[in-house]
Amino acid sequence: MTAPPPVPPTGPPGPGGDPEERDPGLARERTSLAWTRTALSFAAVGGAMLKVNAITGLVILAVAPVIWQAGQVARGRSPVAGLPVVGAGRLFLIALSVVAVSLLCLAVAIFGRSAPGALR
Amino acid sequence: MSWSRRMAELLPGSITRDTGGAEPDPRFTFANERTFLAWSRTALALVVAGLGIVQLLPPFPGVPAGRDLLGVPLIALGGVLAVAAYIEWGRSQRALRRGEPLPRSILPWILAATVSAIAVIAAVVLLASALR
């Protein structure tokens with residue numbers, strides 16, 4: 001005996017379904033939290049870099065609030081219709097930032113060697 | 001399709017103003033954005049791991065280049081992953097707008113292949129250091 005195929009939902013969602021069906025604002029909230037985590041990741045890379053090369057670390061740390069601010073834009077966009085405006089520019093900014101950070105780290109890793117075994 | 005045309009399709013404005021479709025369900029747009037953000041965090045974690053290996057670990061005895069062999073590919077993988085995640089986001093957004101099936105993602109393949117390669121390098125470096 002096989003289970004009947006799932007019926008695609010029609011009409012307005014009833015209670016008890018996907019929470020996002022009942023409150024589409026949750027998707028926005030989750031996205032906002034994801035932006036916060038990403039900003040924190042930048043701060044973590046900057047903090048690690050501080051130990052290696054203070055100036056580079058400060059530069060990367062300074063990126064974190066910019067990313068956080070980009071996420072706040074996501075929170076407030078198109079409040080009336082509830083429809084998101086695809087902010088491709090902000091995602092482009094992130095991709096560029098990660099590439100820039102990784103190039104900086106590569107340069108520091110190769111040229112800016114600290115004392116061996118700095119953890120000890 | 002010409003190379004310059006492909007590049008132009010990756011620019012932010014081209015994806016938001018894609019006339020070949022309609023604005024998808026906002027939840028799909030948000031979910032696609034979160035996927036991109038999660039890949040970006042993965043990329044940053046790889047960068048910080050590579051940096052830690054090169055700068056903070058004591059050198060492997062007998063393998064002077066061991067730390068660079070492990071750390072530099074990790075940092076480079078972080079950069080590649082960020083670019084690939086952006087391209088992937090654009091492709092998915094375009095497919096969502098047009099109601100097409102989502103394209104297959106190559107990101108898991110890139111990540112798995114590179115991490116496996118780095119694991120092999122790590123094993124070789126450790127063995128060489130132990131058998132010195």
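In what follows, chains carry the letters A, B, and so on, assigned in the order in which the sequence lines appear, proteins first and then strands, with residues in each chain numbered from 1. The model shown is predicted, which means the values in this text are computed figures rather than measured ones.
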**OP:** Consider only side-chain heavy atoms of I, L, V, M, F, W and Y, link residues closer than 4.5 Å, and tell whether A/Val66 and A/Phe42 are in one cluster.
**Re:** yes
Subject >> Under 3.5 Å: donor-acceptor pair, side chain of B/Gln55, backbone of A/Lys51 >> reply: no
Original post:
So do A/Trp35 and B/Arg34 actually touch side chain to side chain, heavy atoms under 4.5 Å?
Top reply: no
**OP:** Taking all heavy atoms of B/Val47 and all of A/Ser102, pick out the closest pair and write down the distance.
**Re:** CG2-CB, 3.6 Å
**OP:** Please check if atom CG in B/Leu131 has more than 12 non-hydrogen atoms from other residues, nucleotides or ligands closer than 6.0 Å.
**Re:** yes
Subject >> B/Ile118 reachable from B/Leu57 in the ILVMFWY side-chain graph, under 4.5 Å edges >> reply: yes
Original post:
Would you say B/Trp39 and B/Ile110 are hydrophobically clustered, going by side-chain heavy atoms of ILVMFWY under 4.5 Å?
Top reply: yes
**OP:** Would you mind telling me which of A/Val45, A/Val99, A/Leu106 has the largest number of heavy-atom pairs within less than 4.5 Å of chain B?
**Re:** A/Leu106
Subject >> Distance-minimising heavy-atom pair for B/Val48 and A/Ala44 >> reply: CG2-O, 4.4 Å
Original post:
Are B/Val63 and B/Leu127 in one and the same hydrophobic cluster, where Ile, Leu, Val, Met, Phe, Trp and Tyr link if side-chain heavy atoms are under 4.5 Å apart?
Top reply: no
Original post:
Given the rule that I, L, V, M, F, W and Y join up when any side-chain heavy atoms are under 4.5 Å apart, are A/Leu104 and A/Leu93 in one cluster?
Top reply: yes
Subject >> Top contributor to chain B contacts, counting heavy-atom pairs under 4.5 Å, from A/Val98, A/Asn53, A/Ile67 >> reply: A/Val98
**OP:** Each residue besides B/Phe28 in its hydrophobic cluster should be listed here, by chain and number; the cluster joins Ile, Leu, Val, Met, Phe, Trp and Tyr at side-chain heavy-atom distances under 4.5 Å.
**Re:** B/Leu96, B/Leu102
Subject >> Contact origin within B/Leu37 toward chain A - heavy atom pairs under 4.5 Å >> reply: both
Original post:
Tell me, do A/Ile94 and B/Phe36 make a side-chain contact under 4.5 Å, heavy atoms counted?
Top reply: yes
**OP:** Working to the nearest 0.5 Å, report the span between CZ of B/Arg27 and OG1 of A/Thr31.
**Re:** 12.0 Å
Original post:
Counting distance only, does the side-chain N/O of A/Arg37 pair as donor-acceptor with the main-chain N or O of B/Arg41 below 3.5 Å?
Top reply: no
Subject >> Which atom of A/Ser41 lies closest to which atom of B/Leu44, heavy atoms considered >> reply: CB-CD1, 3.7 Å
Original post:
Is there side-chain contact between B/Phe30 and A/Arg28, with at least one heavy-atom pair below 4.5 Å?
Top reply: yes
Original post:
Above 12 or not: heavy atoms from other molecules or residues under 6.0 Å from CD1 of B/Ile106?
Top reply: no
